[in-house]
Visitor: 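What follows is a single structure, and I will ask about it in a moment.
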Amino acid sequence: MLFLAERVRRGTAWQVGERNRPWIAVSCMLLASAVLDASQLRATSASSQRIESATRRRPGNGHTRGGMKTLFVTPNAYGSGEAITALQMGRELARSGHEVLYFAESFTAPFLAESFPAQVYEFSNDPAETGRRWHSLLQDFHPSAIIFADYPLLFLTQRGRMLVQDENWTSVENLDAELFTLDHLGMANGPMTLSFGPPHLELFRQYLPALPGRMKTLLPCPLQSPTSTSVIAGVSFRYWEVPFALSYGRRQEIRDRFLRNGDELLVFHSVPTWASEFCRRHRLPNYAYATRLFESYFAHVGRPVVIVSVNGESLLPPSSVSGLRVINLGRLTTSEYDEILLASDLMLTDNRISISLGKAVCGLVPCVALRNSYRLPEIVERAERDLGVVALEMERRRAGSVFPFEVFPIWTIDDVNALGLFTENPIGRCIDVLEMYGGAETRNRLEQLLVGRTYREELRARQHDYVSIIQRLPTSGEALLSSMQ
């Protein structure tokens with residue numbers, strides 16, 4: 001694209017390459033849905049042909065000879081999930097001959113640039129400069145479609161809010177471009193006010209306005225429901241080819257990397273970067289005690305268990321009991337992350353909104369979201385003694401460490417229900433949500449998920465049903481083009 005080359009010649013320093021990153025405010029960090037991680041979109045040639053055909057039928061502003069021009073905006077300052085979806089969409093559009101451009105926070109810009117090295121531009125650390133870059137991109141690229149991933153995220157940072165200030169949003173309104181937002185979690189279903197963090201540590205509340213009247217909503221599946229619901233409106237689409245699968249040989253290679261013998265079971269434990277960083281900054285010791293909780297649940301399932309915890313650092317201490325080993329892994333490439341997940345016997349997380357749960361379901365891997373519905377006195381009163389002792393020790397180490405959550409450490413069940421993400425959503429039948437201090441009930445279900453043949457077969461049948469629904473959805477490019485006609 002000529003205007004990109006011209007900016008390089010003029011020495012403009014806002015393509016990917018700015019790495020002067022100050023500490024991002026906790027309020028920006030909390031919403032990151034880190035959830036979400038990359039998987040190669042293997043679009044069929046038939047879907048690409050349908051997209052090309054639909055584009056040729058649509059004349060108008062912002063179109064090149066080969067098709068349309070799409071600008072993706074990825075404003076999440078500390079999470080990759082939404083940008084991953086935008087990346088997959090861009091790949092599909094590019095394969096069909098369309099132009100794509102990304103305006104991204106510096107956290108996600110590098111991995112977007114791996115696929116689109118000349119088409120990724122970064123927000124500036126200076127909000128005013130971000131606004132100027134936004135205005136310049138709109139004028140130079142002149143897109144036919146602008147897709148926000150996700151629009152509500154703009155309101156969580158000062159840089160993002162610059163894009164919707166009157167003078168900058170006027171630049172959008174003056175374009176003959178169609179406006180879209182992805183809605184990964186239900187936040188586009190506003191107006192609403194969201195809180196982030198447990199009540200006693202809450203640092204951030206943000207009002208999210210309703211969408212602009214021109215803006216249409218696209219619903220990425222999973223985690224959004226692939227079928228219409230009464231609470232979230234929009235066009236559902238798939239951005240993966242499912243079901244996921246590894247060859248037998250590759251699966252065995254991955255397992256041999258972590259398991260000492262064929263009798264051991266592999267549990268994939270996923271921790272979002274924003275969650276571990278929140279704990280570090282607020283001195284919450286929860287992950288330092290996680291191994292002791294896991295010992296209570298996994299040490300006696302009848303076969304030895306290896307927990308591979310992907311947490312960016314060494315969050316989980318080693319196990320002191322036989323029958324359980326813990327391996328911490330640092331930052332992985334997206335392909336490494338996906339392969340370990342798909343080679344596992346079980347996925348485990350305390351982030352119920354993790355896209356990795358959707359990936360596990362579509363890979364026919366049993367998966368569990370851990371939650372805590374109880375306060376400390378209730379845990380001590382009702383939980384098994386060893387679990388109650390862990391909770392008490394955690395609380396003594398840092399007052400306020402034990403609290404109810406559905407998405408650790410930011411949201412309760414009421415927060416999640418207010419979003420409507422899992423209301424009438426068939427994926428709920430494919431994910432076991434278990435109490436962190438649930439004792440025998442949690443232990444028995446985990447044993448069923450790992451070695452219970454009957455339960456695993458029943459679960460796989462439900463996962464197959466869900467995958468079949470996903471397979472019938474339009475691809476991201478098909479959904480976009482149909483919404484523009």
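Along the sequence shown, residues are numbered consecutively beginning with 1.
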Visitor: With a 4.5 Å cut-off on side-chain heavy atoms, are S225 and L219 touching?
Guide: no
Visitor: Please report the closest heavy-atom contact between N351 and P272, naming both atoms and the distance.
Guide: ND2-CG, 3.5 Å
Visitor: Answer yes if the side chains of T85 and H184 hold a donor-acceptor pair under 3.5 Å, and no otherwise.
Guide: yes
Visitor: List for me each residue that meets salt bridge (charged side-chain N to carboxylate O under 4.0 Å, His left out) alongside R251, sequence neighbours excluded, and say none if there are none.
Guide: D345
Visitor: Could you go through M484 and M68, starting from their C-alpha distance and side-chain angles, then the distance that decides it, and tell me whether this counts as side chain to side chain contact (heavy atoms under 4.5 Å, CB included)?
Guide: CA-CA 11 Å; M484 294 179 68; M68 66 177 180; 3.8 Å; yes
Visitor: Any side-chain heavy atom of L473 sitting closer than 4.5 Å to one from I469?
Guide: no
Visitor: Regarding T412 and D415, do their side chains bring together a donor and an acceptor under 3.5 Å, going by distance alone?
Guide: yes
Visitor: List in chain and number order the residues that pass ring-ring contact (aromatic ring centres under 6.0 Å, His included) with F258, two or more places apart in sequence or in another chain; answer none if no residue qualifies.
Guide: none
Visitor: Can you list everything that forms a ring-ring contact (aromatic ring centres under 6.0 Å, His included) with F422? Sequence neighbours excluded, please.
Guide: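 Per chain and number, F422 pairs via ring-ring contact (aromatic ring centres under 6.0 Å, His included) with no residue.
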Visitor: Will you find, in the side chains of Y287 and D350, an N or O donor that is under 3.5 Å from an N or O acceptor?
Guide: yes
Visitor: Please tell me whether F278 and W274 form a close aromatic pair, meaning their ring centres lie under 6.0 Å apart.
Guide: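 That pair fails the under 6.0 Å test.
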Visitor: With a sphere of 6.0 Å drawn around CZ of R250, does it hold more than 12 non-hydrogen atoms of other residues, nucleotides or ligands?
Guide: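 Enclosed.
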Visitor: Has S144 got a side-chain atom pairing as donor or acceptor with K69's backbone, closer than 3.5 angstrom?
Guide: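 Such a contact is found between S144 side chain and K69 backbone.
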Visitor: Hey, could you give me the CG/NE2 distance between D140 and H142, rounded to the nearest 0.5 Å?
Guide: 11.0 Å
Visitor: Keeping W240 on the side-chain end and P222 on the backbone end, is there a donor-acceptor pair under 3.5 Å?
Guide: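 Judged by distance alone, no pair lies under 3.5 Å.
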Visitor: Hey, are R257 and E253 close enough for a salt bridge, meaning a charged N less than 4.0 Å from a carboxylate O?
Guide: no
Visitor: Other residues, nucleotides and ligands only: do more than 12 of their heavy atoms fall within 6.0 Å of OH on Y207?
Guide: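 Buried by this count: over 12 neighbours within 6.0 Å.
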Visitor: For E336, is there any backbone N or O sitting under 3.5 Å from a side-chain donor or acceptor partner on E339?
Guide: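 Pair absent, no side-chain N/O of E339 close to backbone of E336.
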Visitor: Using side chain to side chain contact (heavy atoms under 4.5 Å, CB included), reason through L194 and R205 one step at a time and then give a plain yes or no.
Guide: CA-CA 6 Å; L194 284 180; R205 288 173 59 86; over 6 Å; no
Visitor: Is the closest side-chain heavy-atom distance between N425 and P226 below 4.5 Å?
Guide: yes
Visitor: Testing the 3.5 Å rule here: is there a donor-acceptor pair between the side chains of S115 and R91?
Guide: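 Yes, a side-chain donor-acceptor pair sits under 3.5 Å.
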Visitor: Do S270 and Y337 have a side chain donor and acceptor closer than 3.5 Å?
Guide: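 There is such a pair between these side chains.
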Visitor: With heavy-atom distances below 4.5 Å as the criterion, would you say the side chains of I413 and R352 are in contact?
Guide: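 In contact.
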Visitor: For the pair N174 (side chain) and T170 (backbone), establish whether a donor and an acceptor sit closer than 3.5 Å, ignoring hydrogens and angles.
Guide: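 Looks like yes, one N/O pair under 3.5 Å.
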Visitor: Of the non-hydrogen atoms in C362 and V242, which two are nearest, and what is the gap between them?
Guide: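 Taking C362 first and V242 second, the nearest heavy atoms are CB-CG1, 3.7 Å.
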Visitor: Describe, in one word, how the ring planes of F403 and F405 are oriented to each other, choosing from parallel (under 30°), tilted (30 to 60°) and perpendicular (over 60°).
Guide: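 Plane angle over 60°, so perpendicular.
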Visitor: Quick check: closest heavy atoms across S354 and L223, and the distance to 0.1 Å?
Guide: O-CD1, 3.5 Å
Visitor: Please assess E82 against T74 for the test side chain to side chain contact (heavy atoms under 4.5 Å, CB included), listing each intermediate value before the final yes or no.
Guide: CA-CA 7 Å; E82 296 83 5; T74 61; over 6 Å; no
Visitor: Evaluate the criterion side-chain hydrogen bond (donor to acceptor under 3.5 Å, both in side chains) for residue pair T193 and Q206; output intermediate values, then yes/no.
Guide: CA-CA 5 Å; T193 299; Q206 179 61 49; over 6 Å; no
Visitor: Would you say the side-chain atoms of R462 pair up with the backbone N or O of R429, donor to acceptor, closer than 3.5 Å?
Guide: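 Between the backbone of R429 and the side chain of R462 there is a qualifying donor-acceptor contact (under 3.5 Å).
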Visitor: Which residues pass the side-chain hydrogen bond (donor to acceptor under 3.5 Å, both in side chains) test with N311, sequence neighbours left out?
Guide: S309, N328
Visitor: For residues M347 and A360, report the shortest heavy-atom separation together with the two atoms involved.
Guide: SD-CB, 4.0 Å
Visitor: Given 3.5 Å as the limit, does a donor-acceptor pair link the side chain of Q463 with the main chain of G363, or not?
Guide: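 Pair absent, no side-chain N/O of Q463 close to backbone of G363.
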Visitor: Please round to the nearest 0.5 Å and tell me the distance separating atom CE of M215 and atom CG of L179.
Guide: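 Reported to 0.5 Å precision, the distance equals 5.0 Å.
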Visitor: Strictly below 4.0 Å, N to O, side chains only: are E178 and R214 in salt-bridge contact?
Guide: no
Visitor: Would you call the rings of F155 and Y151 parallel, tilted or perpendicular, taking 30° and 60° as the class edges?
Guide: perpendicular
Visitor: Quick one: list whatever passes side chain to side chain contact (heavy atoms under 4.5 Å, CB included) with S468, sequence neighbours left out.
Guide: Q471, R472
Visitor: When rounded to the nearest 0.5 angstrom, what is the spacing between CZ in F116 and CG in L101?
Guide: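 It comes to 10.0 Å.
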Visitor: For W169 and Q165, test the side chains for any donor-to-acceptor distance below 3.5 angstrom and give the result as yes or no.
Guide: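 The criterion, which ignores hydrogens and geometry beyond distance, is not satisfied for Q165 and W169.
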Visitor: Using 0.5 Å steps for rounding, measure from the OG1 atom of T157 to the CD atom of E105.
Guide: 5.5 Å
Visitor: Which residues pass the salt bridge (charged side-chain N to carboxylate O under 4.0 Å, His left out) test with E424, not counting sequence neighbours?
Guide: none
Visitor: Could you tell me which non-hydrogen atom of P152 sits nearest to which non-hydrogen atom of L208, and how far apart they are?
Guide: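 Heavy atoms of P152 and L208 come nearest at O-CD2, 3.7 Å.
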Visitor: Can any side-chain N or O of Q224 pair as donor or acceptor with the backbone N or O of S236 at less than 3.5 Å?
Guide: no
Visitor: Using a 4.5 Å cut-off on heavy atoms from C-beta on, say whether the side chain of I147 contacts that of L480.
Guide: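 Yes; the side chains approach each other to less than 4.5 Å.
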Visitor: Looking only at atom types and distance, does a side-chain atom of R159 sit under 3.5 Å from a main-chain N or O of T130, one as donor and one as acceptor?
Guide: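 No; judged by distance alone, with no hydrogens or angles, the pair does not exist.
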Visitor: Find the distance between CG (L329) and CG (L315) and round it off to the nearest 0.5 Å.
Guide: 11.5 Å
Visitor: Quick one, V308 and V267 - any side-chain contact, counting heavy atoms below 4.5 Å?
Guide: no
Visitor: Apply the ring-ring contact (aromatic ring centres under 6.0 Å, His included) test between F103 and each candidate in Y121, F148, F123; give the one that qualifies.
Guide: F123
Visitor: Are the side chains of V235 and T217 in touch, meaning some heavy atoms are under 4.5 Å apart?
Guide: no
Visitor: Ion pair present between E92 and R95, side-chain N to carboxylate O less than 4.0 angstrom?
Guide: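 Looking at R95 together with E92, the answer is no, because their closest N to O distance does not fall below 4.0 Å.
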Visitor: Would you say the side-chain atoms of D183 pair up with the backbone N or O of G186, donor to acceptor, closer than 3.5 Å?
Guide: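 Side chain of D183 to backbone of G186: a pair is present.
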Visitor: Decide yes or no for T181 and L218: does some side-chain heavy atom of the first lie under 4.5 Å from some side-chain heavy atom of the second?
Guide: no
Visitor: Which heavy-atom pair separates V100 from Q119 by the least distance, and what is that distance?
Guide: O-NE2, 3.3 Å
Visitor: One pair to check against side chain to side chain contact (heavy atoms under 4.5 Å, CB included): T108 and N76. What are the steps and the verdict?
Guide: CA-CA 8 Å; T108 54; N76 200 329; 5.5 Å; no
Visitor: Any ion pair linking D338 and K359 (charged N to carboxylate O, less than 4.0 Å)?
Guide: yes
Visitor: Using atom types as modelled and distance alone, determine if a side-chain donor or acceptor of Y102 lies under 3.5 Å from a backbone N or O of A86.
Guide: yes
